[in-house]
There are 2 protein chains.
Amino acid sequence: MAVTASKPTLAEQPCDTSTWDAGNCPVRDVMNQIAGKWSTLILQALSEKPYRFGELRRLVPDISQRMLTQTLRDLQRDGYIDRQVFPTKPPSVEYRMTPLGYSLFEPLSAVLAWAASNHANVRAARSKFDAGDLR
Amino acid sequence: MAVTASKPTLAEQPCDTSTWDAGNCPVRDVMNQIAGKWSTLILQALSEKPYRFGELRRLVPDISQRMLTQTLRDLQRDGYIDRQVFPTKPPSVEYRMTPLGYSLFEPLSAVLAWAASNHANVRAARSKFDAGDLR
DNA sequence: CGGAATCCCGCTTGATACTG
DNA sequence: CAGTATCAAGCGGGATTCCG
């Protein structure tokens with residue numbers, strides 16, 4: 001349960017505050033997409049193997065078809081996933097991760113793993129804050 | 001410019017779809033916080049060294065004091081940062097990263113670094129998608 | 001200086017219905 | 001099956017004002 005990491009080496013991190021102007025900040029530009037409510041879930045699913053639309057819908061129980069469509073299009077637009085249509089009857093559409101998507105998911109999966117491992121720590125900090133808030 | 005990573009080892013990733021129910025999904029619970037419009041920027045700044053309220057405000061030029069206050073409180077609530085009040089006149093408040101915050105920032109910084117490195121790739125994919133959209 | 005409180009707008013999201 | 005279209009609600013977030 002103990003937090004494993006202390007202060008890491010941060011010297012080479014992209015903390016360049018000179019590029020934080022809203023328009024051309026890479027961090028914002030990329031994060032604003034993958035930070036969406038559903039993006040990480042979809043990326044996580046597709047990192048495993050390709051899936052069809054309906055399969056993804058079942059994998060992420062409470063996503064609406066509207067949001068699934070939109071999230072998939074956004075991820076495709078940024079080059080993270082590919083969309084392949086099979087003109088069968090009824091039609092079938094398969095989504096799969098691109099090399100760029102995999103290259104993103106590599107560091108991203110570390111964050112997701114952190115979330116899974118440290119969820120309890122975060123929840124604990126939360127209740128502690130909510131409780132002893134006044135003092 | 002070339003994308004460096006191909007399919008990485010994903011066997012051990014937390015792709016457990018059984019825990020994707022909205023309520024208890026660790027990924028959503030953690031990501032929904034750090035995915036905020038400003039959270040990563042603040043974490044990035046505080047990963048360097050502690051800062052005071054006004055300093056952070058200057059570091060992130062286009063954040064409103066409302067959002068800065070709220071983001072800082074949320075990050076503090078989840079245990080990522082600490083808040084220390086110096087009862088001077090006028091008062092001074094310093095924010096600094098906690099060990100938990102550093103342990104999160106370690107994997108997170110890899111994503112931020114990816115964003116900086118691959119921003120061009122994403123932008124290229126975007127324009128390509130927007131152009132040849134119809135065919 | 002470091003906030004809290006209030007007002008208000010607009011984008012995101014969800015529910016529903018329709019189409020190829 | 002895999003979407004698109006439309007409408008309405010919610011809340012994220014900005015501008016402003018006031019306080020210790």
Side-chain angles (χ1 to χ4, degrees), chain A residues 20-23 25 28-29 31-42 45-46 50-78 81-96 129 133-135, chain B residues 20-23 25 28-29 31-42 45-46 50-78 81-96 129 133-135:
Chain A
W20 282 11
D21 335 78
C25 175
R28 295 194 199 185
D29 198 20
M31 291 301 285
N32 278 358
Q33 297 299 332
I34 67 177
K37 192 175 179 181
W38 307 104
S39 303
T40 55
L41 283 308
I42 302 299
L46 290 178
Y51 281 111
R52 291 174 41 209
F53 189 89
E55 293 176 321
L56 287 171
R57 199 155 150 48
R58 262 169 269 122
L59 273 177
V60 186
D62 53 347
I63 194 175
S64 63
Q65 69 289 52
R66 189 194 190 294
M67 278 299 94
L68 180 55
T69 301
Q70 187 173 311
T71 302
L72 287 170
R73 211 178 348 91
D74 289 347
L75 293 176
Q76 183 195 0
R77 188 171 109 97
D78 281 16
I81 65 177
D82 250 346
R83 182 187 127 114
Q84 187 173 5
V85 181
F86 299 95
T88 57
K89 205 171 13 169
S92 161
V93 180
E94 190 180 86
Y95 295 90
R96 73 171 61 224
F129 181 89
D133 184 56
L134 28 91
R135 59 180 312 261
Chain B
W20 281 11
D21 334 78
C25 176
R28 295 194 199 185
D29 198 20
M31 290 302 284
N32 278 358
Q33 297 299 331
I34 67 177
K37 192 176 180 181
W38 308 104
S39 301
T40 56
L41 284 307
I42 302 299
L46 291 178
Y51 281 112
R52 290 175 42 208
F53 189 89
E55 293 176 320
L56 286 172
R57 218 181 147 181
R58 263 170 268 122
L59 273 178
V60 186
D62 53 347
I63 194 174
S64 63
Q65 68 286 59
R66 188 194 192 288
M67 279 299 96
L68 181 54
T69 301
Q70 187 173 311
T71 302
L72 287 169
R73 210 180 339 91
D74 289 346
L75 292 177
Q76 183 195 1
R77 189 172 107 99
D78 281 16
I81 65 176
D82 251 345
R83 182 185 126 112
Q84 187 173 5
V85 182
F86 298 95
T88 56
K89 204 171 17 171
S92 160
V93 180
E94 191 181 86
Y95 294 90
R96 72 172 61 222
F129 180 89
D133 185 55
L134 28 91
R135 59 180 316 265

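Below, chains carry the letters A, B, ... as their sequence lines are ordered, and counting in each starts from 1.
- Checking C/dG3, D/dG3, C/dG14 against the side-chain heavy atoms of A/V93 singles out D/dG3 as nearest.
- Here the side chain of B/Y95 is nearest to one of C/dT13, C/dG3, D/dG14, namely C/dG3.
- A straight line from CH2 of A/W38 to C1' of C/dT13 spans 9 Å, rounded to a whole angstrom.
- Atom CZ of A/R58 and atom C1' of D/dA2 are 12 Å apart (whole Å).
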| task | Check the pair B/D62 / B/W38 against side chain to side chain contact (heavy atoms under 4.5 Å, CB included), numbers first and verdict last. | result | CA-CA 10 Å; B/D62 53 347; B/W38 308 104; 3.8 Å; yes
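- Of all heavy-atom pairs spanning B/Q33 and B/S39, the tightest one is O-OG, 2.9 Å.
- Closest approach to the B/P90 side chain among C/dC1, D/dG14, C/dT13 is made by C/dC1 (side chain taken as heavy atoms from C-beta onward).
- No engagement by B/F86 is indicated, since no non-hydrogen atom pair under 4.0 Å with the nucleic acid exists.
- In this structure, the CG atom of B/L68 is 13 Å from the C1' atom of D/dG13, given to the nearest Å.
- Among the atoms of the strands shown, base atoms are found under 4.0 Å from some heavy atom of B/Q65.
- When each of A/K37 and B/S92 is assigned the nucleotide of DNA chain C with its nearest heavy atom, B/S92 is the one assigned upstream, toward the 5' end.
- Whole-Å rounding puts the A/Q84 CD to D/dC1 P distance at 19 Å.
- Here the closest heavy-atom approach between residue B/E94 and residue B/R96 is recorded as OE1-NH2, 2.8 Å.
- Note on the helix from C/dC1-D/dG20 to C/dG20-D/dC1: terminal axis deviation equals 50°, with five pairs used at each end and the result rounded to 10°.
- Rounded to whole Å, atom P of C/dT13 lies 10 Å from atom CG of B/N32.
- Distance B/I42 CD1 to C/dG2 C1': 14 Å, rounded to the nearest Å.
- Along DNA chain D, the nucleotide nearest A/P91 and the nucleotide nearest A/T69 are compared for position; the residue whose nucleotide lies closer to the 5' end is A/P91.
- Of all non-hydrogen atoms in B/Y51 and B/L46, the two that sit nearest each other are N-CD2, 3.7 Å.
- Here B/K89 lies out of heavy-atom contact (under 4.0 Å) with every strand.
- The side chain of A/R83 sits closest to D/dG3 out of D/dG3, D/dC1, D/dG14.
- Closest approach to the A/R66 side chain among C/dC1, C/dA15, D/dG14 is made by C/dA15 (side chain taken as heavy atoms from C-beta onward).
- Closest approach of A/L68 to A/F53, counting heavy atoms only: CD2-O, 3.6 Å.
- When the P atom of D/dG12 is taken as reference, atom CD1 of B/I63 falls 15 Å away, rounded to whole Å.
- An OP1 or OP2 oxygen of C/dG2 is reached within less than 4.0 angstrom by no side-chain nitrogen or oxygen of B/Y51.
- Counting heavy atoms from C-beta outward, A/D78 and A/D74 have side chains that stay 4.5 Å or more apart.
- Counting any heavy atom pair closer than 4.0 Å across all strands shown, B/R52 reaches sugar-phosphate atoms only and no base atom.
- Between the CZ atom of A/F53 and the C1' atom of C/dT19 there is a distance of 14 Å, rounded to whole Å.
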- Query: Going through the distances and angles, do A/R83 and A/L72 end up as a side chain to side chain contact (heavy atoms under 4.5 Å, CB included)?
  - Reply: CA-CA 9 Å; A/R83 182 187 127 114; A/L72 287 170; over 6 Å; no
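- Of all heavy-atom pairs spanning A/P90 and A/T88, the tightest one is O-OG1, 2.7 Å.
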